[in-house]
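The next block holds one structure in the form of C-alpha cells; read it before the comments.
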Amino acid sequence: MSNYVIFLGSLRKESTNRQLAEAFIHHLPEGDTAAVFERLREVPFYDEDLDVPGQEPEVVRELRAAVHDADGLVIITPEHNHTAPAVITNAIDWCSRPMGRGALMRKPALVLGFTPSPRALSGAVTVLRETLQTVQARCVATDYTWGDAYRLLDGRHPKDIDEVVGILNKAQSELAKLAAATPQRFNHRSGGGVGSE
C-alpha cells in the first residue's frame with residue numbers, strides 16, 4: 001500500500017488539472033491513497049531568512065512533513081509561458097532544503113498534466129524533470145501529459161474517459177514500482193536510510 005502527496009500547479013477551483021488529480025485519486029489501486037496538498041498558495045516564496053530551523057512558517061513545516069511522509073510525489077500541472085508554474089517550483093525549493101537532507105531526497109516522483117496547447121507541456125516537463133533530478137528525487141521514466149485537453153475532455157470528467165484512465169493506471173503502476181524499489185524512507189536528519197548508522 002502506498003500513499004502519495006499531490007502538488008497541483010493550477011490554483012483554479014474548476015481547473016482541468018484539479019479534475020485530473022481527482023481522476024488519479026479515484027482510480028488508485030485498492031489500498032493506495034493520495035491527497036492534494038491544498039495549501040500551496042499559502043507557501044511564501046523561498047527565503048533563507050525564513051528558513052530557520054524551528055522557526056519556519058507553519059505551512060512550510062506542514063508541506064515538508066507531507067512530502068517526507070509520502071511514498072511518492074505526484075505533480076499535476078498545466079504549463080505557464082512554456083515553463084512550470086511558480087507555485088510548483090517554489091514548493092520544490094522549500095522541500096529541497098536543507099541541502100542534502102531535504103524531503104525530496106530519493107523521493108519517487110511522477111509528472112502529469114493537461115494543457116489546451118498542442119505542445120503537451122513540453123516546456124514544463126523539461127523544467128520539472130531537470131529540477132527534480134537536481135534535488136535528487138527519483139523520477140518515473142515517463143511523463144504523462146495531454147495536449148488539446150478541452151477537445152479530449154469535451155465536457156466530460158477525466159475519470160470517465162477510458163483513454164485517460166488507461167494512462168493513469170500505467171502511470172500509477174510505474175510510480176508504485178519505483179516506490180517499492182526505493183529503500184525505506186530517507187532519514188533527513190541523519191542523511192541516511194531509516195535505521196541507518
Side-chain angles (χ1 to χ4, degrees), residues 1-11 15 17-18 20-22 24-25 28 32-78 80 83-113 124-125 127-140 143 171-172 175-176 178-197:
M1 296 187 293
S2 295
N3 172 56
Y4 306 116
V5 61
I6 298 173
F7 285 0
L8 193 56
S10 176
L11 301 178
S15 75
N17 282 288
R18 179 170 287 279
L20 184 58
E22 293 167 353
F24 181 91
I25 294 168
L28 279 168
D32 287 359
T33 59
V36 174
F37 186 82
E38 296 285 8
R39 299 188 66 189
L40 282 190
R41 68 169 68 240
E42 302 171 41
V43 178
F45 286 119
Y46 184 79
D47 181 344
E48 286 189 7
D49 289 342
L50 297 178
D51 196 8
V52 178
Q55 300 178 39
E56 309 93 331
E58 182 271 333
V59 67
V60 169
R61 292 196 297 272
E62 184 179 328
L63 171 69
R64 286 172 166 169
V67 174
H68 176 269
D69 293 343
D71 296 297
L73 168 66
V74 180
I75 296 176
I76 301 181
T77 184
H80 291 174
T83 190
V87 68
I88 296 292
T89 56
N90 184 53
I92 293 173
D93 285 346
W94 279 105
C95 291
S96 70
R97 290 163 170 83
M99 295 301 292
R101 296 185 290 115
L104 283 170
M105 284 285 293
R106 303 183 188 175
K107 186 69 59 176
L110 168 70
V111 178
L112 300 166
V125 164
V127 168
L128 289 171
R129 179 167 288 278
E130 182 175 351
T131 302
L132 289 167
Q133 290 172 345
T134 298
V135 303
Q136 300 184 57
R138 305 181 69 215
C139 296
V140 168
D143 304 296
Q172 289 163 347
L175 182 59
L178 186 57
T182 299
Q184 288 180 292
R185 288 193 183 96
F186 194 67
N187 186 327
H188 301 89
R189 290 177 293 278
S190 69
V194 173
S196 66
E197 296 296 332

Point-to-point distance, once rounded to the nearest 0.5 Å, from [atom1] of [X] to [atom2] of [Y]:
X: Gln136; Y: Arg101; atom1: CD; atom2: CZ; answer: 13.0 Å
X: Asp71; Y: Leu178; atom1: CG; atom2: CG; answer: 11.0 Å
X: Phe24; Y: Leu110; atom1: CZ; atom2: CG; answer: 6.0 Å
X: Arg41; Y: Asn90; atom1: CZ; atom2: CG; answer: 13.5 Å
X: Leu20; Y: Ile76; atom1: CG; atom2: CD1; answer: 5.0 Å
X: Lys107; Y: Leu73; atom1: NZ; atom2: CG; answer: 8.5 Å

Any salt bridge (Lys or Arg N to Asp or Glu O under 4.0 Å) pairs touching residues 45-55, not counting sequence neighbours? Asp51-Arg64

Can you list the residues that meet the side chain to side chain contact (heavy atoms under 4.5 Å, CB included) rule with [X], with sequence neighbours excluded?
X: Asp32; answer: Met1, Ser2, Tyr4, Leu28, Pro29
X: Ser15; answer: Ser10, Arg12, Asn17, Arg18
X: Val125; answer: Val111, Leu121, Asp143, Thr145

Taking side chain as C-beta onward, heavy atoms only, is [X] less than 4.5 Å from [Y]?
X: Ile25; Y: Ile6; value: yes
X: Val67; Y: Phe37; value: no
X: Thr83; Y: Thr89; value: no

If the condition is salt bridge (charged side-chain N to carboxylate O under 4.0 Å, His left out), which residues does Glu42 pass it with, not counting sequence neighbours? Arg39

What pair of heavy atoms forms the shortest contact from [X] to [Y], and how long is it?
X: Pro57; Y: Pro44; answer: CG-CG, 4.1 Å
X: Ala109; Y: Leu132; answer: CB-CD1, 4.1 Å
X: Pro78; Y: Pro85; answer: O-CD, 3.6 Å

For Leu63 and Leu40: C-alpha separation, side-chain torsions, deciding distance, then whether side chain to side chain contact (heavy atoms under 4.5 Å, CB included) applies. CA-CA 8 Å; Leu63 171 69; Leu40 282 190; 4.0 Å; yes

Who passes side chain to side chain donor-acceptor pair (under 3.5 Å) against Glu130, sequence neighbours left out? none

Residues in side chain to side chain donor-acceptor pair (under 3.5 Å) with Thr33, at least two apart? Asn3

For Tyr46, what residues pass the ring pair (Phe, Tyr, Trp, His ring centres under 6.0 Å) criterion, not counting sequence neighbours? Trp94

Only one of Leu8, Val5, Leu112, Ile92 passes side chain to side chain contact (heavy atoms under 4.5 Å, CB included) with Ile75; say which it is. Ile92

